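What you see is a predicted model; the values in this text were computed from it and never measured. The sequence lines fix the lettering, A, B, ..., with proteins before strands; numbering per chain opens at 1.
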Protein chains: 2
Amino acid sequence: MTPDVAAAKQALSHIEMDENPATIRSKSRDFFWYSPMLKARLDHVQADFVVNPKSEAEVIEVLKTCYAHDVPVTVRGAGTGNYGQAMPLAGGCVMHMKNFAQVKEIHPGRVIVEPGCIIKDLDAATRAHSGQEVRMMPSTANTATIGGFVAGGSGGVGSVKWGALRDLGNIIRLRVITMEAEPRVLEFRGEELARVSHAYGTNGIITEIEMPLAPAYDWVDMFVAFDSFPEAAQYACDLANEDGIVLKLASVYEAPMAHSYFQRVKEHVTETDTLVGLMVAPHSMDGFETFTARRPGARIIFRSDANDWPRDPGPVFEFGWNHTTLRALKFDPKITYLQVRYQFPKHLELVEKVRATFGAEVLQHLEVLREGGKVCFAGLPLVSYTSDERLEEIVRMHEDMGCMIFNPHRYTLEEGGRQSADARQLAFKREADPKGLLNPGKMITWDDPDWAYDRIYDYPGMLQVEP
Amino acid sequence: MTPDVAAAKQALSHIEMDENPATIRSKSRDFFWYSPMLKARLDHVQADFVVNPKSEAEVIEVLKTCYAHDVPVTVRGAGTGNYGQAMPLAGGCVMHMKNFAQVKEIHPGRVIVEPGCIIKDLDAATRAHSGQEVRMMPSTANTATIGGFVAGGSGGVGSVKWGALRDLGNIIRLRVITMEAEPRVLEFRGEELARVSHAYGTNGIITEIEMPLAPAYDWVDMFVAFDSFPEAAQYACDLANEDGIVLKLASVYEAPMAHSYFQRVKEHVTETDTLVGLMVAPHSMDGFETFTARRPGARIIFRSDANDWPRDPGPVFEFGWNHTTLRALKFDPKITYLQVRYQFPKHLELVEKVRATFGAEVLQHLEVLREGGKVCFAGLPLVSYTSDERLEEIVRMHEDMGCMIFNPHRYTLEEGGRQSADARQLAFKREADPKGLLNPGKMITWDDPDWAYDRIYDYPGMLQVEP
Ligand SMILES: Cc1cc2nc3c(=O)[nH]c(=O)nc-3n(C[C@H](O)[C@H](O)[C@H](O)COP(=O)(O)OP(=O)(O)OC[C@H]3O[C@@H](n4cnc5c(N)ncnc54)[C@H](O)[C@@H]3O)c2cc1C
Ligand SMILES: Cc1cc2nc3c(=O)[nH]c(=O)nc-3n(C[C@H](O)[C@H](O)[C@H](O)COP(=O)(O)OP(=O)(O)OC[C@H]3O[C@@H](n4cnc5c(N)ncnc54)[C@H](O)[C@@H]3O)c2cc1C
């Protein structure tokens, strides 16, 4: 099965394409370079061409044509994913969804939208229409697409209230196109959603998304400082357990993170300040202030509704989730990160165990989220990178302590998840992508069902580094 | 201090009054008769006159005049309270708020309203204005006032998501008038709210209320039947722990409650069916159905969005909370009830312990609610009444097993709560009601600070039964 790239390109020439090699290179990359391990392995990856469909009909044409010519197709939202999710490991076609981005219908509690819509634009539309917004968004909402979020993301700003994207009710319906001689159009709800959500576009292309909405408020952004990390973590957790206070974000940044890496915040904190970043609904501010006044250790140093800082720090959510790592990387390219789940009821205790074990080598950044109705933490700690071996050891040590790790130093679905095949995703790939052309190399069980997970998977079909 | 009722009446004659003795009698009563113990003690209680102010200025006039003439004032919303809360134990003036009921301002996430507004009317106004509604309401929302809810209620429909009325953020601001020679107008927020919320109008009259709002959806009402009670309780609890599914109500009715007492439901259930009553947001129905399909024991027997019952059962919330008791009482006047809190994490276990102990004498009716961020149960079990002594024993046995009881067979704040003085409410009564004229007999610590709580409190100032 040799791809006939030229024939596919020719057949698709009436659809908008990017020809410029620099553009093709940049559209073949995402934020994989957060990981020194992925940086070393994926830096050379590049598509043969980039096509920009503007409708479902054009998506179908791209898929049908590439199927006919055995050309791999890797779909791209905005390419803000972190693990090479949108990178065409085997080359071929990158299908960029930026032109396929209409908001189609808005109703109380839900919206129907095309996948290429930037989340910021989606929120602007639902807010203008009826004071609503998506329940949760990645901290990249200003650039990321809703399709990329559903296919590659997991949760984020809003998860403190709504849990993760994969939780029942957080996606309503997905319309999906298969990669076959005659692509089929399927509609998924309920249990079926798990086939393609967070499947990295390996088994179908999402062309329409129905998402639940929450009320959009004029969120008050805040920073609250603490001398003590455990006190800050407890505060964030307790606040999120206040049923009557509407929160959208609660992040905890261990000292000296804010002082070292947070531009415009730096001058307002010391090296020993642990910071809590918050988004609170304006009508919850009285409750919030009452709650906070009960904690003598809590100092509100910034609030966007009464900002006396000479330079606005920008949205607080762009300090949280994976933006924390980005900010640290700007100061120190030797930093990388992990994705840890500290589950209820041991979450606070586990964090302290990890802190005691690693000290400054693994600096704690926690995001409060709900899991199964309970408040707990997603950790995105900053890790001081020394070698791949040490990084792997740090991961193992976390697991040995009882933390769940979603390894961001892997580019496959299985290794970034629970290290096992997702039977539903695999079964659907068999149906929907019989030639295995969709985002090749991202589903180990497709290529090598007997893989032992004893080391990082090396996709045999990966483009070779040019000499 | 002898009240001069005639002088007070005379001075207030320009304000609307009820003169008809039957009206005065009915406006002196509430749902105290749910309790055989209170029925025996309060049945004769009656005001001397009923006044219906229509503005804050008139409220101030009533308070000032009654203060001058030493006349007790008991404020009344709609009189749907359950423990004689709104009953004028020492006679005097009942101030009925029905004419003082304007919705003043509606904003995203909050509303400002006068106390006499019926909750149904308030919801209609906020829904029409901007698709919003109050976060929680008593199951009496179709008749009860928002003022009576804040001053006498505790939570209800919506508490499965928002917790209790007393939780931070569930009331934003209260405007309160004192009972003095020159009544003062005070504004309370934050910690101060606890002075007058759930204080039965014993230490100030609420004249303006600012409440947070939630989005109003076209809630889908449902009944789900189970063969097994523990399975039903687990189902309701697990559903409420689904962070992505928007619920407003989750009630559990042990068999044969639904078959014995629920008109229009009876013919659709058997004597062994335990029922779960639910309100689910329409955009959460897919998630809900997916969740429910995973439980083979769950049978959806009614859904309001696809109703095939010949006779509509009416709103599902009017089967829940204290309406369950009302429905049972219509069939069997020997039934009464308790108010139990089964706290996380032992809630399911405790319920089973109680069931094993009492069997059919105490039939379980659970309402799922959030407390401190955790899903647990409020129990409003139906109790087969035999004697006061046995009722008291049942209460004690619950407490011995580790359940918290809010005793509905008591008319005082302390006995209906945690059996101890609320220092904030008492301190504020000293300031705001120096003559002790507001709703006399409801705060034990005002009358008898050394009361030992060894038996039901008998207010010495209670009107004597006429011979
Ligand atoms: C600074 C920073 C912060 C971040 N914060 C978060 C966060 O808070 N939460 C979070 O979940 N993620 C986060 N991420 C990761 C990423 O930004 C989000 O997941 C984002 O939603 C991805 O959207 P995108 O449009 O950039 O998708 P892309 O990166 O372009 O694609 C993501 C994956 O989805 C697939 N895909 C895209 N569109 C479709 C489609 N229509 N059909 C099928 N498959 C498709 C792609 O092939 C790829 O595998 C962060 C990343 C960075 C760099
Ligand atoms: C069938 C049934 C179901 C119920 N379900 C619930 C439920 O789900 N949740 C719940 O919490 N309760 C419930 N209750 C109790 C009651 O219905 C509610 O608390 C209701 O909100 C009371 O409102 P109301 O207007 O009838 O108040 P009233 O009974 O008139 O008054 C309640 C108390 O508030 C005081 N008060 C009233 N207005 C003011 C004011 N402006 N300023 C100061 N004090 C004032 C009164 O003096 C009295 O002490 C139920 C009762 C019944 C009979």
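- Across every non-hydrogen atom of A/Val246 and B/Trp162, the tightest pair is CG2-CZ3, 3.7 Å.
- Between B/Arg135 and A/Ser284, the closest heavy-atom pair is NH2-OG, 3.9 Å.
- Contact tally against chain A (heavy-atom pairs below 4.5 Å) for B/Arg110, B/Glu210, B/Glu191: the top residue is B/Glu191.
- Using a 4.5 Å cut-off between heavy atoms, B/Phe344 contacts chain A through its side chain alone, with no backbone atom that close.
- Nearest heavy-atom pair across B/Phe291 and A/Leu168 is CB-CD1, 3.6 Å.
- If you measure heavy-atom distances from A/Arg294 to chain B, the contacts under 4.5 Å come from the side chain alone.
- Neither the backbone nor the side chain of A/Leu193 comes within contact range of chain B; no heavy atoms are under 4.5 Å apart.
- Your options are B/Gly244, B/Gly163, B/Ala293, B/Gly287, and the one with the most heavy-atom pairs under 4.5 Å with chain A is B/Gly244.
- With chain B as the partner, the residue from A/Leu165, A/Asp218, A/Leu213, A/Asn170 showing the most heavy-atom pairs under 4.5 Å is A/Asn170.
- Contact count versus chain B (heavy atoms, under 4.5 Å) is highest, among A/Ile171, A/Asp167, A/Ile172, for A/Ile172.
- Between chain A and the residues B/Gly109, B/Ala281, B/Ala214, the most heavy-atom pairs under 4.5 angstrom are made by B/Gly109.
- Taking 4.5 Å as the limit, every side-chain heavy atom of B/Thr290 sits out of range of all side-chain heavy atoms of A/Arg189.
- The main-chain N or O of A/Gly190 is never found under 3.5 Å from a side-chain atom of B/Asp286 such that the two would form a donor-acceptor pair.
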Exercise. Please test B/Lys374 against A/Asn241 for side chain to side chain contact (heavy atoms under 4.5 Å, CB included), starting from the C-alpha separation and ending with a verdict.
Key: CA-CA 8 Å; B/Lys374 307 297 184 300; A/Asn241 272 307; 3.3 Å; yes
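- Taking each heavy atom of A/Pro212 and B/His283 in turn, the nearest pair found is CB-CD2, 4.0 Å.
- Residue-environment remark: CZ (B/Arg166) stays at or below the threshold of 12 foreign heavy atoms within 6.0 Å.
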